[in-house]
Amino acid sequence: MRNREVADLLFKIADGLDLSGENFFKIRAYRKAGNVIKDLPEDIEKIYKDGNLTNIEGVGSGIAKKIEEYLTTGKMTKLEEVTKDVPESLFNLLNIRDLGPRTIHLLHKKLGVNDLQDLKKVIQNGSFSEIEGLGDKKAEKILENIKFYEERTGKDRRFTIGEVMPMVEEILANLKKSKSVKRFSTAGSLRRMKETVGDIDILIETAHSEKAIKEFISFPEIKKVLEAGKTKVSVMLKDIDIQMDIRVLPAESYGAALLYFTGSKDHNVKLRGLAIKKGLKINEYGVFKKEKMVAGKSEKEIYNLLGMDFIPPELRENRGEVELALEGKLPDLIDYNDIKGNLHTHTKYSDGKNSIKELASFAKDFGYSYLGITDHSAQAAYANGLKEDDLKKQIDEIDALNENLKDFRILKGTESDILPDGSLDFKDEILEKLDFVIGAIHSGFKKNVTRRMEKALENPYLTILAHPTGRLISSRVGYEVDLEKVMEKAKEEKKILEINAYYDRLDLNEFNAREANEKGIKLCISTDAHNFDMFKWMNLGVGIARRAWIPSNSVINTYVLADLLNIIKRNG
DNA sequence: GCCGTTTTCGGCCCGACTGTTTTCAGTCG
């Protein structure tokens, strides 16, 4: 897939034009095309070969030609033209908050600013503030933001959703206690359950906005207030240095604001386009016919007014959901409370923190009706993997525990390493005694991974293939694997692929998961829990599944026990 | 540069906040 690569070039052209003071709408056209291409599920090269480039939203003949040139020759003349007069170091300045292309262009033209050092110099010697439209306050602000920029990776830094959740939950708990706040919700990419978020958006409904804002900015989780108006507050949070935006709203606009700030941007633009055709205007305060407000209290009301069904936040990416909602044909998505058990967990036997009994009791209290125990196998020595005798002992322990459990069952499993030759780490005689078997690659990420996975999938004892791509969102690209082949084999062998909901894995990701589902492959959402606390990640997995348009009956751990056992029973 | 059930020109999503001014431009989301 070279989509990201092509999108980045278009973004670069947009930035370059921006820094040259070019026509605003031309710049936006490049940026829009980049955004659409970045999120396309199909490969841009394939689209080009099929002659369908201009069918992509936002790509006309001009941009199509540039993409064609790049795909066939490896260069893009337009980009070279644009960057000829803009020094590379000028692009970096765009990463500084409150410093945009117009100002950078001005500083470049009038003061010859070419890089960060120049910028600091002109602020310090006062020539910055002498330019019309700029001043001392702006100078001071920029200087402070330069510090921020230098301390961290810049304003484009993204956080995994699991990284920010704990802090968000603390803040939501604070809001729950507040007497001046009536309702609140997350919005933005967090509400859409994207695997990474750039910032955190929170909406609150209150009749006493001044009081609510004052209260909010005094929360202990807040490091610094960036701006604080009457309806909007931006702050930087402690520990993780992420920006949080709060919007304060009256009841009649709550739905409109939730819709607006949940996004995605592309989804909203689409809705507004539809609204215009109906003679309506949508903004964050409501839907308006001329001056008269005709909807806004709830999102559902607004969608219905536009003649469509309510669209769940996880689908709002302008990937066809609007068209389906208009026809009343949205997919019936898996829901957060459909899950009946966690089937990938570790105990003290290997590298987990809790005993089997503790974990089972927790899972039951969590509302689950079964729990799969899948400790590591011997090959995973770093994780204290189980030898055959340990596994036998564990089987006996689970049998004994099950005898005393009511309305709940512990399932006997293993997370067996897939060895270099593609075989599993236990003999058939012991695998036979288990309810199900997870296979996983934990070493040799570059060694015949595709072939090994295919062979493991052919093994009649294997039930589920864990974290099929092996990526870590924040740090690792994953296995050298031909996922297409692995999926074909899984389909052929009727095996299950895992969506590992551990926040830094989310593997399969939403695109792969959707592809697997379209092929008819069953999926399993698991948290790979090493303690109680990690059960909460299950929601992230469901979020990914919802973003992948997956229905409940495609995920095995939404089934009641009897049906689940039927599905995971060996040899069909 | 893109796009069209007001189509090949003339629009292009919309508003808050800030700092600079005194009506607005830049930046951000």
Side-chain angles (χ1 to χ4, degrees), chain A residues 10 13-14 16-19 21-37 53-67 78 82 93-107 128-142 144-145 155-156 187-190 197-203 209 213 225-235 243-249 253 256-257 259-288 318:
Chain A
L10 297 176
I13 290 177
L17 292 173
D18 226 342
L19 291 169
E22 253 281 7
N23 177 285
F24 177 76
F25 294 106
K26 191 193 278 190
I27 295 164
R28 197 159 72 180
Y30 278 103
R31 220 157 254 151
K32 188 191 172 180
N35 267 321
V36 173
I37 289 168
L53 279 179
T54 51
N55 288 350
I56 300 171
E57 204 184 331
V59 177
S61 61
I63 291 181
K65 245 184 232 156
K66 288 164 184 107
I67 296 174
K78 177 75 179 177
V82 169
L93 298 183
L94 286 169
N95 290 316
I96 294 162
R97 193 186 156 84
D98 297 326
L99 189 63
R102 302 281 130 169
T103 312
I104 297 173
H105 174 62
L106 200 66
L107 293 170
F128 178 98
S129 310
E130 282 164 22
I131 290 185
E132 202 182 320
L134 304 176
D136 286 338
K137 276 198 174 171
K138 184 95 181 168
E140 201 181 317
K141 203 173 187 177
I142 297 294
E144 200 178 342
N145 289 336
K155 66 186 170 191
D156 285 337
S189 44
L190 191 68
V197 299
D199 64 3
I200 300 165
D201 295 297
I202 306 265
L203 304 188
S209 71
I213 286 173
V225 178
L226 299 171
E227 61 185 38
K230 287 197 183 97
T231 62
K232 184 193 166 190
V233 180
S234 291
V235 300
Q243 183 171 326
M244 177 178 252
D245 295 325
I246 305 281
R247 322 272 165 167
V248 180
L249 305 149
S253 294
L259 183 69
Y260 184 93
F261 291 110
T262 295
S264 65
K265 204 175 214 178
D266 293 342
H267 178 84
N268 286 350
V269 168
K270 186 95 172 191
L271 292 186
R272 271 182 237 138
L274 277 178
I276 288 169
K277 282 184 191 147
K278 287 179 182 285
L280 300 168
K281 183 181 78 169
I282 304 182
N283 60 26
E284 60 259 56
Y285 299 105
V287 184
F288 297 84
N318 192 25

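Heavy-atom basis, side chains included; hydrogens, waters and symmetry copies ignored. Lettering follows sequence order; numbering is per chain, from 1.
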Completion exercise
Its contact letters, B for base, S for sugar-phosphate only and - for none at protein heavy atoms under 4.0 Å, make nucleotides 16-21 of chain B read SSSSS-

Practice task
Any salt bridge (charged side-chain N to carboxylate O under 4.0 Å, His left out) involving residues 21-35 of chain A? Give me the pairs, sequence neighbours left out, ordered by first then second residue.
Solution key: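 Found A:D15-A:R31, A:D18-A:R31, A:E22-A:K26, A:K32-A:E57.
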
Exercise for the section: Verify the contact: side-chain N or O of A:R97 to OP1 or OP2 of B:dG29, cut-off strictly under 4.0 Å; return yes or no. Expected result: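 For B:dG29, OP1 or OP2 has a side-chain N or O of A:R97 closer than 4.0 Å.
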
Practice task
Using a cut-off of strictly less than 4.0 Å, decide whether A:K281 has a side-chain nitrogen or oxygen near OP1 or OP2 of B:dG15.
Solution key: yes

What nucleic acid atoms does [X] come within less than 4.0 Å of, heavy atoms only: base, sugar-phosphate, or nothing?
{"X": "A:N268", "value": "nothing"}
{"X": "A:Y30", "value": "sugar-phosphate"}
{"X": "A:K66", "value": "sugar-phosphate"}

Problem - Same-atom distance (C1') from B:dC17 to B:dG11, integer angstrom - result: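 Roughly 27 Å separates the two C1' atoms.
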
Below 3.5 Å between N/O atoms, which protein atoms pair up with nucleotides 3-9 of chain B? Just atom names and distances, please.
residue, atom, partner, partner atom, Å
B:dC3, OP1, A:G58, N, 2.9

Problem - Watson-Crick/G-U partner (both atom distances under 3.5 Å) of B:dC17 - result: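 Base-paired to B:dG26.
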
Handout entry: Residue met sooner reading DNA chain B from 5', once A:F25 and A:Q243 are mapped to nucleotides
Key =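 Going by which nucleotide is closer to the 5' end, it is A:F25.
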
Exercise for the section: Have a look at B:dT7 and give me syn or anti from its glycosidic angle (syn if within 90° of zero). Expected result: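 Syn, which is what one calls it when the glycosidic angle falls within 90° of 0.
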
Exercise for the section: Taking atom types as modelled, find out whether A:K66 and A:Y30 have a side-chain donor-acceptor pair closer than 3.5 angstrom. Expected result: yes

